[in-house]
Amino acid sequence: MRYSVLLYDIRIGGDLIPPTEEGEVNKQRRIRLFWNILSSPLSVKPVLTDYARPHGRLYEYKLDGAGKWMFVGDGKEISVRNLLLGKHTLNIRLAGMPGTEAEYEISVVPNWLAVMELLLLLVAVGLFIWWRRYRNTTNILLAERDDIEDALMEMEKEQQQIALDDETVKTADTPKYERVKLHEAECADIVARMTAYVEQEKVYTNPDLKMSELADHLHVSASKLSQVFSLYLKENYYDYINRYRLSEFKRLITEGENRRYTLLALSELCGFKKSSFFSTFRKVEHMTPTEYLKKNNIRF
């Protein structure tokens with residue numbers, strides 16, 4: 001008569017299953033475990049169906065057909081833990097007796113209540129992260145708005161002073177403008193030397209750089225350089241220098257430097273003053289710095 005191995009004292013998650021369920025397990029050779037991050041622990045005891053159970057009987061088992069046979073003594077538990085979702089096989093037999101081998105299918109299925117709890121937790125975490133980012137973005141925009149308002153007030157004062165200074169220069173230099181006529185070749189030469197000097201030395205990073213200092217380096221008078229800006233380049237000195245500062249700022253944020261500095265600190269590294277940074281950015285890019293970062297997917 002052929003005997004095979006059965007399981008008894010079957011415990012799932014530490015709880016002993018009823019005799020009726022134990023009978024169904026041995027009849028169908030199937031065990032179902034629930035998964036909640038980890039599978040429920042399973043423990044069983046093997047017994048040969050002759051039920052003689054002589055002292056010293058030895059059993060051997062394999063999980064998913066992998067590795068060597070593991071040995072367990074009569075009346076000792078076989079423990080199975082941390083199974084992944086899906087189907088697994090437990091082969092068990094009397095040691096050295098292939099004819100007594102029995103195969104049990106272990107199905108690990110999700111605990112849907114636990115899955116719902118996990119999904120709710122993930123949604124809650126996602127909402128919290130979104131709220132933090134929204135709050136941070138809002139705070140940045142509000143801070144930027146305040147900086148812009150302060151900058152506009154300072155800029156208005158500066159523009160009033162610049163207008164007075166320009167009027168003074170025009171009054172003083174009108175005869176020179178009328179008497180001195182610059183040739184296009186001379187203007188082109190001055191612009192070429194000025195561009196090379198500004199780009200190579202990055203003098204625009206000096207927030208206090210004056211046109212007169214630039215003129216001294218080029219060995220021309222401030223009046224002549226002013227004419228080059230007005231009549232040849234068709235822009236004023238401040239717009240010319242601030243364009244370089246803006247290009248440097250955009251280069252630095254592209255390279256990720258904005259993760260080390262605040263936007264204002266980064267703009268100061270480029271030579272901007274707060275009063276000119278926001279106004280220049282809006283004038284050239286038609287948006288705020290924060291809007292520029294979001295548009296170009298640059299994290300800040």
Side-chain angles (χ1 to χ4, degrees), residues 1-134 136 256 259 297-299:
M1 183 176 182
R2 183 179 182 275
Y3 298 104
S4 64
V5 173
L6 294 180
L7 303 179
Y8 73 101
D9 279 358
I10 302 172
R11 296 178 182 272
I12 298 177
D15 297 325
L16 185 67
I17 68 172
T20 52
E21 289 187 25
E22 182 179 295
E24 286 298 313
V25 167
N26 284 305
K27 180 180 179 181
Q28 299 179 8
R29 302 292 175 93
R30 292 177 183 173
I31 302 173
R32 188 170 71 162
L33 304 179
F34 287 107
W35 180 89
N36 180 14
I37 307 301
L38 298 174
S39 65
S40 303
L42 169 69
S43 65
V44 298
K45 294 179 181 179
V47 61
L48 194 64
T49 52
D50 65 355
Y51 302 106
R53 299 175 63 185
H55 180 71
R57 181 171 281 178
L58 192 64
Y59 296 90
E60 56 187 5
Y61 66 95
K62 268 188 180 183
L63 184 64
D64 292 331
K68 297 180 179 180
W69 288 93
M70 306 292 291
F71 295 95
V72 62
D74 181 61
K76 301 296 183 180
E77 288 186 346
I78 297 172
S79 294
V80 177
R81 295 174 177 270
N82 304 331
L83 295 179
L84 299 177
L85 286 168
K87 293 184 178 181
H88 304 267
T89 57
L90 175 64
N91 294 82
I92 189 165
R93 68 191 186 187
L94 192 64
M97 301 291 291
T100 63
E101 185 173 335
E103 181 175 288
Y104 286 81
E105 180 185 280
I106 302 175
S107 299
V108 181
V109 297
N111 182 334
W112 293 111
L113 180 60
V115 170
M116 289 300 297
E117 292 175 352
L118 179 62
L119 289 176
L120 289 174
L121 177 62
L122 291 175
V123 169
V125 170
L127 288 173
F128 176 74
I129 293 173
W130 174 84
W131 175 76
R132 286 289 301 271
R133 288 183 177 177
Y134 173 79
N136 291 340
R259 295 187 180 91
N297 295 321
I298 300 174
R299 296 187 62 185

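We use all heavy atoms of the structure for the numbers below, so side chains are in, but hydrogens, waters and symmetry mates are not.
- Residues Asp74 and Tyr59 come closest through the heavy atom pair OD1-CE1, 3.8 Å.
- Every side-chain contact (heavy atoms from CB on, under 4.5 Å) that Ile129 has, sequence neighbours left out, goes to Val125, Arg133.
- Looking at Thr20, Ile17, Val44 one by one, the single match for side chain to side chain contact (heavy atoms under 4.5 Å, CB included) with Val25 turns out to be Ile17.
- Minimum interatomic distance between Lys87 and Ser107 (heavy atoms only, all atoms of both residues): CG-OG, 4.0 Å.
- Between the NZ atom in Lys76 and the OG atom in Ser43 there is a gap of 13.5 Å [rounded to 0.5 Å].
- Shown here are the ring pair (Phe, Tyr, Trp, His ring centres under 6.0 Å) partners of Trp130, two or more places apart in sequence or in another chain: Tyr134.
- Counting heavy atoms from C-beta outward, Leu7 and Ile92 have side chains that approach closer than 4.5 Å.
- The two residues Ser40 and Leu33 have their closest heavy-atom pair at O-CD1, 3.6 Å.
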Review item, side-chain donor-acceptor pairs of residues 97-106, under 3.5 Å, at least two apart:
| residue | atom | partner | partner atom | Å |
| --- | --- | --- | --- | --- |
| Thr100 | OG1 | Leu94 | N | 2.9 |
| Thr100 | OG1 | Met97 | O | 2.7 |
| Glu101 | OE1 | Arg93 | NH1 | 3.4 |
| Glu101 | OE2 | Asn91 | ND2 | 2.9 |
| Glu103 | OE1 | Asn91 | ND2 | 3.0 |
| Tyr104 | OH | Asn26 | OD1 | 2.6 |

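- Looking at heavy atoms from C-beta onward, Ile10 lies in side-chain contact with Leu42 at the 4.5 angstrom threshold.
- When every heavy atom of Tyr8 is checked against every heavy atom of Pro46, the shortest pair comes out as CE2-O, 3.6 Å.
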>> side-chain contact (heavy atoms from CB on, under 4.5 Å) for Trp35 and Leu83? Distances and angles first, verdict last.
In response: CA-CA 8 Å; Trp35 180 89; Leu83 295 179; over 6 Å; no
Just distance, no hydrogens or angles: give the donor-acceptor pairs under 3.5 Å from side chains in residues 61-68, sequence neighbours left out.
| residue | atom | partner | partner atom | Å |
| --- | --- | --- | --- | --- |
| Lys62 | NZ | Gly67 | O | 3.2 |
| Asp64 | OD1 | Thr89 | N | 2.8 |
| Asp64 | OD2 | His88 | ND1 | 2.9 |

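- Across all their heavy atoms, Phe71 and Glu60 have their closest contact at CE2-OE1, 3.2 Å.
- Listed here is the closest heavy atom pair of Pro110 and Leu85: N-CD2, 3.8 Å.
- Identified under the salt bridge (Lys or Arg N to Asp or Glu O under 4.0 Å) test for residues 18-46, with sequence neighbours left out: Asp9-Lys45.
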